[in-house]
Amino acid sequence: MERTALRRRLTWQVGTVTEVRDETETARTIVLDAPDWPGHLAGQHVDVRLTAPDGYRASRSYSISSAWTGEGVELTVEQVPDGEVSPYLVEVLKVGDPLELRGPVGGWFVWRPEQAGPIQLIGGGSGVVPLMAMLRAHGTAASTTPVRLLYSVRRPASVIYVKDLKELAASEDVDLTFVYTREAPAGEPRVGRIDAALLQAKAFAPADDLTTYVCGPTPFVEAVADLLVTGGHDPARVRTERFGPTGGPR
Amino acid sequence: MGIISPGFTGRGRSGSDLPPGQYLTQDFPVLSAGPTPHVLPEHWEFTIATESGEMHRWDWAAFQRLPAEEITRDLHCVTRWSKLATDWKGVSLDALFEDVETAADFVMAHSYGGYTTNLPLEDLLDGQAWIAYQYDGEPLAAEHGGPARLLVPHLYLWKSAKWVRGLVLSDTDDLGFWETAGYHEYGDPWKEQRYAGD
């Protein structure tokens with residue numbers, strides 16, 4: 001996408017919810033029919049705006065989880081316990097409801113099918129959402145570019161897109177590794193965090209044409225990006241997207 | 001265009017003085033495009049390059065000898081969080097520009113790690129901008145831009161370049177990193193200038 005396309009003026013438009021899918025206890029995918037949607041790149045996000053009867057408004061950004069196939073857009077929203085917008089999207093919004101959208105937004109944390117070189121995806125928790133869009137775009141484009149996903153989650157029940165991911169892993173197009181931080185399924189005894197040894201064993205080694213995408217909570221991204229740079233990856237080839245507060249005392 | 005979101009009531013109307021579309025947070029979230037650069041103060045250098053190519057240079061020791069100010073300002077991030085009354089210590093850009101001769105109107109800020117952002121020079125002067133090196137009484141953490149970052153609190157926070165290493169003056173308003181990727185060239189939170197064309 002050229003600069004002119006990325007700097008196109010964005011206007012609010014009304015989409016209609018055509019389907020909702022509960023991915024986990026706290027994450028939900030929302031499928032929208034949006035006739036004026038201009039299309040998007042995998043990894044981009046969208047602003048969502050809610051309006052109360054008295055005119056009060058609240059907006060937030062969410063990652064797009066679908067690849068652009070010519071119509072519609074899907075978001076996956078993780079409910080933030082004390083949030084204002086996400087509880088509505090996860091618990092209240094229903095099929096047939098209107099939803100105001102503005103986007104797509106963001107031109108850096110994106111994967112383009114025409115870009116050269118293998119792709120390493122590393123997600124923590126709901127940070128997998130834009131990475132799923134990349135996997136889907138990879139499939140839609142029938143790309144032969146090697147792709148690996150390292151997905152760090154608390155426990156098996158926290159895995160978003162579990163069915164889709166297992167299908168992708170079985171298809172041999174995608175090398176998928178789950179990292180369970182609190183509780184692993186039977187037969188997969190390892191519980192722990194992504195560390196240098198795991199990156200060495202499961203992630204692509206540093207290479208001039210490799211692009212690595214890391215998305216997740218800020219402390220997760222800080223830790224993984226530092227490990228990658230220490231492990232010899234060129235910082236300019238590691239793209240990150242962080243959400244939430246920094247760790248530590250506050 | 002006005003639609004009502006069925007079943008949405010919203011949280012309590014705070015009544016606080018936030019720019020449009022922002023919400024209040026007590027946290028300090030982080031938005032960065034890549035790994036956090038870890039720059040040691042002894043390797044740190046800050047430069048101002050004029051449109052005629054003249055270079056002004058400070059190492060950490062020289063920078064620390066400049067008069068510092070305590071700054072308390074509200075922060076507004078384009079990702080919609082605002083954090084009020086944050087406490088910083090830093091050197092005013094007025095002090096850094098004292099001996100700089102320029103007729104340029106625009107500045108490109110450059111950071112360790114390759115980040116860039118563009119600003120009008122007049123937004124950096126007259127007590128509006130600092131190179132900050134302390135946050136909340138502590139040395140600025142690397143993930144928040146330490147050892148030193150630009151602080152331009154009247155614009156969206158992406159203009160306050162983390163890990164800043166220099167300013168390049170120019171007669172033309174070229175686009176920086178996020179600006180090239182679709183964000184507004186100026187970024188006034190009170191006018192909600194989030195994206196190009198806003």
Side-chain angles (χ1 to χ4, degrees), chain A residues 3 5-14 47 49-61 84-85 88 92-94 96-100 102-110 214 218-219 221-222 224-226 228-229 233 235-246 248 250, chain B residues 1-15 18 20-38 77-81 83 112-115 135-136 138 141-144 158 163 175 177-185 192 194-198:
Chain A
R3 166 182 292 198
L6 285 171
R7 289 190 60 78
R8 172 183 50 217
R9 179 171 164 73
L10 302 170
T11 53
W12 288 101
Q13 56 180 286
V14 182
D47 284 3
R49 181 165 77 181
L50 305 182
T51 305
D54 67 351
Y56 171 83
R57 281 172 165 164
S59 304
R60 298 288 186 278
S61 279
E84 181 175 27
V85 174
Y88 173 87
V92 180
L93 186 75
K94 57 190 187 303
D97 283 349
L99 189 65
E100 278 193 289
R102 191 179 184 225
V105 176
W108 172 247
F109 196 83
V110 295
V214 188
T218 296
V221 173
E222 286 295 318
V224 170
D226 282 351
L228 289 167
V229 173
H233 290 263
R237 301 205 65 85
V238 178
R239 302 186 181 205
T240 64
E241 191 158 274
R242 298 158 167 87
F243 53 81
T246 48
R250 56 173 197 270
Chain B
M1 175 172 57
I3 66 153
I4 304 296
S5 310
F8 177 68
T9 52
R11 244 181 343 216
R13 317 306 190 243
S14 64
L18 294 180
Q22 295 293 109
Y23 68 91
L24 197 58
T25 182
Q26 308 299 325
D27 301 323
F28 195 168
V30 171
L31 176 77
S32 307
T36 293
H38 295 276
C77 179
V78 71
T79 60
R80 301 184 178 277
W81 59 264
K83 186 174 174 63
Y112 292 97
Y115 181 75
Y135 173 71
D136 237 358
E138 301 286 337
E143 65 199 21
H144 289 304
W158 91 78
W163 317 294
L175 298 177
F177 180 85
W178 287 121
E179 294 84 1
T180 304
Y183 287 80
H184 198 272
E185 67 273 19
E192 209 171 359
R194 297 180 192 276
Y195 310 127
D198 280 355

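The chains referred to below are lettered A, B, ... by the order of the sequence lines, with proteins before strands, and numbering in each begins at 1. Everything numeric in this text was worked out from a predicted model, so none of it was measured.
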### Query
Under the 3.5 angstrom rule, does the side chain of A:Thr51 hit a backbone N or O of B:Ser5 as a donor-acceptor pair?
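Not at all, since once roles are kept as given, no pair shorter than 3.5 Å links the two residues.
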
### Query
Between the main-chain N or O of B:Ala33 and the side-chain N or O of A:Trp108, is there a donor-acceptor pair closer than 3.5 Å?
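Yes; at least one donor-acceptor contact below 3.5 Å.
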
Checking heavy atoms, do the side chain of [X], its backbone, both or neither come under 4.5 Å from chain A?
| X | value |
| --- | --- |
| B:Tyr183 | both |
| B:Trp178 | side chain |
| B:Asp198 | both |
| B:Gln22 | neither |

Chain B contact via [X] - side chain, backbone, both or neither, heavy atoms under 4.5 Å:
| X | answer |
| --- | --- |
| A:Val238 | both |
| A:Tyr88 | side chain |
| A:Arg102 | side chain |

Atom [atom1] in [X], atom [atom2] in [Y]: separation rounded to 0.5 Å?
| X | Y | atom1 | atom2 | value |
| --- | --- | --- | --- | --- |
| A:Glu241 | B:Thr79 | CD | OG1 | 10.0 Å |
| B:Thr9 | A:Asp54 | OG1 | CG | 9.0 Å |
| B:Phe8 | A:Leu50 | CZ | CG | 4.5 Å |

### Query
With chain B, which of A:Val229, A:Leu93, A:Asp97, A:Leu228 has the greatest number of heavy-atom pairs at distances under 4.5 Å?
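Heavy-atom pair counts peak at A:Asp97.
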
### Heavy-atom pair count under 4.5 Å with chain B, highest-scoring of A:Glu222, A:Arg239, A:Arg60
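Greatest number of close heavy-atom pairs with chain B: A:Arg60.
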
### Message
Taking the side chain as everything from C-beta on, heavy atoms only, tell me whether A:Asp47 gets closer than 4.5 Å to B:Arg80.
### Response
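In contact.
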
### Task
For residues B:His38 and A:Asp226, determine if any side-chain heavy atom of one lies less than 4.5 Å from a side-chain heavy atom of the other.
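Heavy-atom side-chain distance check passes, below 4.5 Å.
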
### Task
Of all the heavy-atom pairs spanning B:Ile4 and A:Pro98, show the shortest one and how long it is.
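The answer is O-CG, 4.2 Å.
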
### For the student: nearest non-hydrogen atoms of A:Lys94 and B:Pro6, plus distance
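Residues A:Lys94 and B:Pro6, closest heavy atoms: NZ-CB, 4.4 Å.
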
